[in-house]
Amino acid sequence: MILITGGAGYIGSHCSIEFLRNGFDVIVFDNFSLGHKKIIDNIMFNYPNIVLFQGDLRNKKDLDIVFRKYQIDAVVHLAAFSQVKQSILEPEVYYENNVLGTLNLLSSMVKNNVLKIIFSSSAAIYGEPSYIPVDETHPKNPINTYGKTKLVVENIMDDYDLAYGLKSIRLRYFNVLGANYKENIGEWHDVETHLLPNIIKSVLKSKFKFKIFGANYPTFDGTCIRDYIDVEDIAEAHRLAYNYLNKNNKTDVFNLGSQDGVSVKQMCNLVSKILDKKISIEYTSKRQGDCAILLADSSKAKKILNWKARNSISDSIYNAYQWEKILESFS
Ligand code: UFG
C-alpha cells in the first residue's frame, strides 16, 4: 500500500487518484487542517477502495497506529504548510508542521521498516536564481521560511539515508496549476493566495479584485516570471518516481517544471483569451519573499524518470476554470 500524507489537499488528491487509477492501494493520511473531507468523498465516488486515516504528523501515536495497522510499501509525503508569506510571519508554525512533522514521519518509517519515500519539495529551496533555467545542482539559498523548511527536510533525508538506508526521491515542484475537474478535485484553499485561482475568482465574482503584486521587477514586462506546470503531470511524476525508487533503491532529486516562463501579466492575458473575459487588474506593492524569475531545467526528470508534461498551460487554465465553478457550487 502507498501512504499519501496530505492526500486530501490539492496536489495530494491528484496523486491519490494517479496511484489508484494505476492499480495501487492508497491510504490517505490527513488532518484536514488544509485538505477537505469532501475531496476524499469525491475520490471515493470513483475509487471506493481508497482508505482514509485522519491523523496529524505532529502526533507520533497517529503515525505508529497507521504503520502498524497497514502493510505500507512506501510513503508519498505532501502534508505541509506552503504559503510563502505566512511562513515568514509564523516560522514556528512552519518548522513545527513541515520539519518536526516530517521528522516524526521518518522516524516512524524507520521504526516500522518502511524505507522508501517520495517527498514534495519545492523550487523555493533555490531562492533567487544565479542562472536560468535552474537545474538540480543550482545553489540552494531559500529566501523565505517555507523554502528553508523544505531544504532542512531534504538534508534530514540525506542523514536518514546514511544512517538507516531510508531512500528518498525529492520532487522540486515549480508553480503548480490546473485541476482534474472531471473527477471533482482541484485547488481549494480557504484563503487563496495563488495566481491562477485568484485571476479566475476575479472573473467569476464581481466583488473579487485581482491584484498584481509588483510591476517593476527586472523582467521584460515588470511582473514576476514563473514556470507553471500542470497538477496532473506533477501527480504522474510521483508514480514514475515511485517506480524508479522501487527499481533502483537510490536517493535522488528532480525538478518538475515546464521550462516555459510566463509573467503575471502574460497569465492574465492568457486567461482573458481562453475564457473570453476581460480581467480587471489592480497594481499593488511587491509581496515579501517573491523572486523576480524562476524557471526550471527539468531535463533530468525527462531523461531518468521518462516524465513529460502532457498538459499545455491552456489546458490547465481551462480545467482550473471548470473546477472553480464546481467549487463555487459547494458554498
Ligand atoms: N501573484 C499576484 N497576484 C496574486 C497572486 C500571485 O500578482 O493574487 C504573483 C506573485 O507575486 C508571483 C506569481 O504571481 O509573482 C506567482 O505567485 P503564486 O502565489 O501563485 O506562487 P509562488 O510563486 O509564490 O509560490 C508557488 C508555491 C510555493 C512554491 C513556489 C515555487 O505556492 O509553494 O511556487 O516556485 F514554493
Side-chain angles (χ1 to χ4, degrees), residues 6 9-12 34 78-88 94 97-98 119-129 132-134 138 140-151 153-154 170-178 187 189 191-203 205 208-219 221-231 234 255-271 279-298 313 316-317 320 324:
Y10 172 42
I11 302 172
L34 297 175
L78 296 109
F81 290 152
S82 64
Q83 281 187 30
V84 169
K85 189 176 168 189
Q86 190 199 8
S87 76
I88 297 168
Y94 272 68
N97 196 51
N98 296 5
F119 174 56
S120 151
S121 188
S122 171
I125 72 166
Y126 295 117
E128 197 75 55
I132 291 285
V134 171
H138 185 282
K140 289 167 261 315
N141 298 310
I143 57 170
N144 54 60
T145 312
Y146 167 68
K148 288 178 191 168
T149 66
K150 292 286 176 180
L151 183 56
V153 168
E154 286 205 15
R170 305 79 180 267
L171 298 176
R172 296 180 184 151
Y173 322 147
F174 282 63
N175 286 60
V176 186
L177 41 58
E187 194 161 6
H189 299 120
V191 179
E192 189 51 77
T193 60
H194 290 115
L195 179 63
L196 179 59
N198 278 348
I199 300 175
I200 294 173
K201 277 184 203 303
S202 77
V203 169
K205 294 181 182 172
F208 190 95
K209 268 256 163 267
F210 171 67
K211 295 177 184 145
I212 289 188
F213 303 138
N216 63 348
Y217 281 97
T219 59
D221 66 6
T223 64
C224 291
I225 294 175
R226 293 286 182 275
D227 180 327
Y228 294 92
I229 180 77
D230 190 83
V231 66
I234 290 277
N255 281 344
L256 297 178
S258 65
Q259 210 162 311
D260 279 331
V262 174
S263 76
V264 176
K265 271 190 197 166
Q266 281 178 319
M267 183 66 89
C268 292
N269 292 337
L270 276 168
V271 176
I279 317 285
S280 60
I281 297 172
E282 199 180 301
Y283 289 90
T284 63
S285 50
K286 287 180 180 179
R287 188 172 67 175
Q288 200 186 352
D290 274 346
C291 62
I293 174 162
L294 251 185
L295 207 55
D297 178 342
S298 304
I313 193 156
S316 307
I317 292 171
E324 203 63 49

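Just follow the structure's listing: the first ligand is 1, and inside any ligand the first atom is 1.
- Taking Pro142 as the reference, Lys148, Leu151 meet the side-chain contact (heavy atoms from CB on, under 4.5 Å) condition, with sequence neighbours excluded.
- Residues Tyr173 and Asp227 have side chains that never bring a donor and an acceptor to within less than 3.5 angstrom of each other.
- Ligand 1 lies under 4.0 Å from heavy atoms of Ser82, Ser122, Ala123, Ala124, Tyr146, Asn175, Thr193, His194, Leu195, Asn198, Phe210, Lys211, Ile212, Phe213, Cys224, Arg226, Tyr228, Val264, Arg287, Asp290, Leu294.
- Shown here are the salt bridge (charged side-chain N to carboxylate O under 4.0 Å, His left out) partners of Arg172, two or more places apart in sequence or in another chain: Glu154.
- Partners of Ser82 by side chain to side chain donor-acceptor pair (under 3.5 Å), not counting sequence neighbours: none found.
- Exactly one residue among Asn175, Ile212, Ile199 makes a side-chain contact (heavy atoms from CB on, under 4.5 Å) with Met267. That residue is Ile199.
- With hydrogens and angles left out, the side-chain atoms of Asp221 and Thr223 include a donor and acceptor closer than 3.5 Å.
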